[in-house]
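Working notes, beginning with the structure itself.
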Amino acid sequence: LIPAKDPLTLFRAYADLEGDRHHLVIVGAGPLEEELRDFTRAKGIERVHWEGFVNQSRLPFYYRAADVLVLPSVVEPWGLVVNEAMACGTPCIVSDRVGAGPDLVAGPGTGRTFSVGDAAELWEILRKSTDASVRQEWEQGAAKAISRATMPVSVEGLVELVEVTASHRPNGGGRPVQSTPVLTEES
């Protein structure tokens with residue numbers, strides 16, 4: 001629970017969800033925890049479960065129990081938790097600053113992305129996620145998308161990246177090699 005993860009946006013969106021069947025499970029801890037607890041008390045938000053630090057070996061339990069994973073980060077180069085959640089069949093809702101968003105969430109239909117810091121947009125997506133048919137569609141998309149995340153596919157992608165990058169460099173990928181002898185017969 002750190003500023004870069006922007007949990008307050010999630011709490012603001014969750015505060016406006018109607019009904020008593022929703023639960024917010026917070027896995028992890030950090031310097032913003034007390035501020036978030038104060039926010040929940042001030043807004044009268046119930047059904048927030050503070051799990052604190054959870055060992056990695058127990059995370060699959062939480063992923064499988066969740067209807068969705070929400071990652072509202074302000075800065076997130078990738079977001080490995082997206083891969084982990086999807087491997088457990090859990091769809092994801094992530095900010096547009098999460099690197100995994102375009103590849104694993106938005107494109108393949110495994111959840112939704114929202115504009116970073118936009119609690120109203122996140123609320124709308126959370127509201128839609130309460131529809132079982134929407135979640136089922138996202139779950140199926142998650143299973144399909146993560147099934148493509150294999151080592152051979154990753155290696156093929158890396159090779160393609162290197163080839164494309166090299167083809168856009170001067171001289172077809174680098175400087176010509178010039179051989180200059182270090183020792184000569186005269187030395």
Identify the two heavy atoms, one from [X] and one from [Y], that lie closest to each other, and give their separation to 0.1 Å.
X: Gly79; Y: Leu71; value: CA-CD2, 4.2 Å
X: Ser129; Y: Arg135; value: O-NH1, 2.7 Å
X: Tyr62; Y: Glu51; value: OH-OE1, 2.8 Å

task: Please indicate whether Arg41 has more than 12 foreign heavy atoms, meaning atoms of other residues, nucleotides or ligands, lying under 6.0 Å from its CZ.
output: yes

Open item on the list: Let's go through Leu36 and Trp50 carefully: what are the C-alpha distance in whole Å and the side-chain angles of both, what is the deciding distance for side chain to side chain contact (heavy atoms under 4.5 Å, CB included) to 0.1 Å, and is it a yes or a no?
Closed with: CA-CA 10 Å; Leu36 295 168; Trp50 303 89; 3.7 Å; yes

Under 3.5 Å donor-acceptor, [X] side chain and [Y] backbone:
X: Tyr14; Y: His22; result: yes
X: Thr165; Y: Val162; result: no
X: Arg112; Y: Ile93; result: no
X: Ser95; Y: Ser73; result: yes
X: Thr110; Y: Leu104; result: yes

Here the gap from Leu10 atom CG to Leu24 atom CG, rounded to the nearest 0.5 Å, amounts to 5.0 Å

CG (Leu17) and OG1 (Thr130) are apart, to the nearest 0.5 Å, by 7.5 Å

Inset, instruction - Could you walk me through whether Val54 and Leu59 pass the side chain to side chain contact (heavy atoms under 4.5 Å, CB included) test, one step at a time? - result: CA-CA 7 Å; Val54 173; Leu59 287 177; 3.9 Å; yes

Phe11/Val48 under side chain to side chain contact (heavy atoms under 4.5 Å, CB included): CA gap, chis, key distance, verdict:
CA-CA 10 Å; Phe11 278 76; Val48 177; 4.2 Å; yes

Quick note, salt bridge (Lys or Arg N to Asp or Glu O under 4.0 Å) partners involving residues 70-79, not counting sequence neighbours, are Lys5-Glu76

So the salt bridge (Lys or Arg N to Asp or Glu O under 4.0 Å) pairs with at least one residue in residues 84-96 (sequence neighbours excluded) are none

Residues passing the side-chain hydrogen bond (donor to acceptor under 3.5 Å, both in side chains) test with Glu137, sequence neighbours excluded, are none

Q: Test Glu33 against Ile26 for side chain to side chain contact (heavy atoms under 4.5 Å, CB included), laying out the working first.
A: CA-CA 10 Å; Glu33 184 172 342; Ile26 303 299; over 6 Å; no

Sorted by chain and residue number, the side-chain contact (heavy atoms from CB on, under 4.5 Å) partners of Val74 (sequence neighbours excluded) come out as Asp6, Arg97, Val116

Residue set satisfying side-chain contact (heavy atoms from CB on, under 4.5 Å) with Ala66, at least two apart, ordered chain then number -> Thr90

Q) Considering only heavy atoms from C-beta outward, does the side chain of Val82 approach that of Met86 to under 4.5 Å? A) yes

Under 4.5 Å between any side-chain heavy atoms of Pro7 and Thr9, yes or no? no

In short, ring pair (Phe, Tyr, Trp, His ring centres under 6.0 Å) pairs touching residues 111-144 with sequence neighbours left out are none

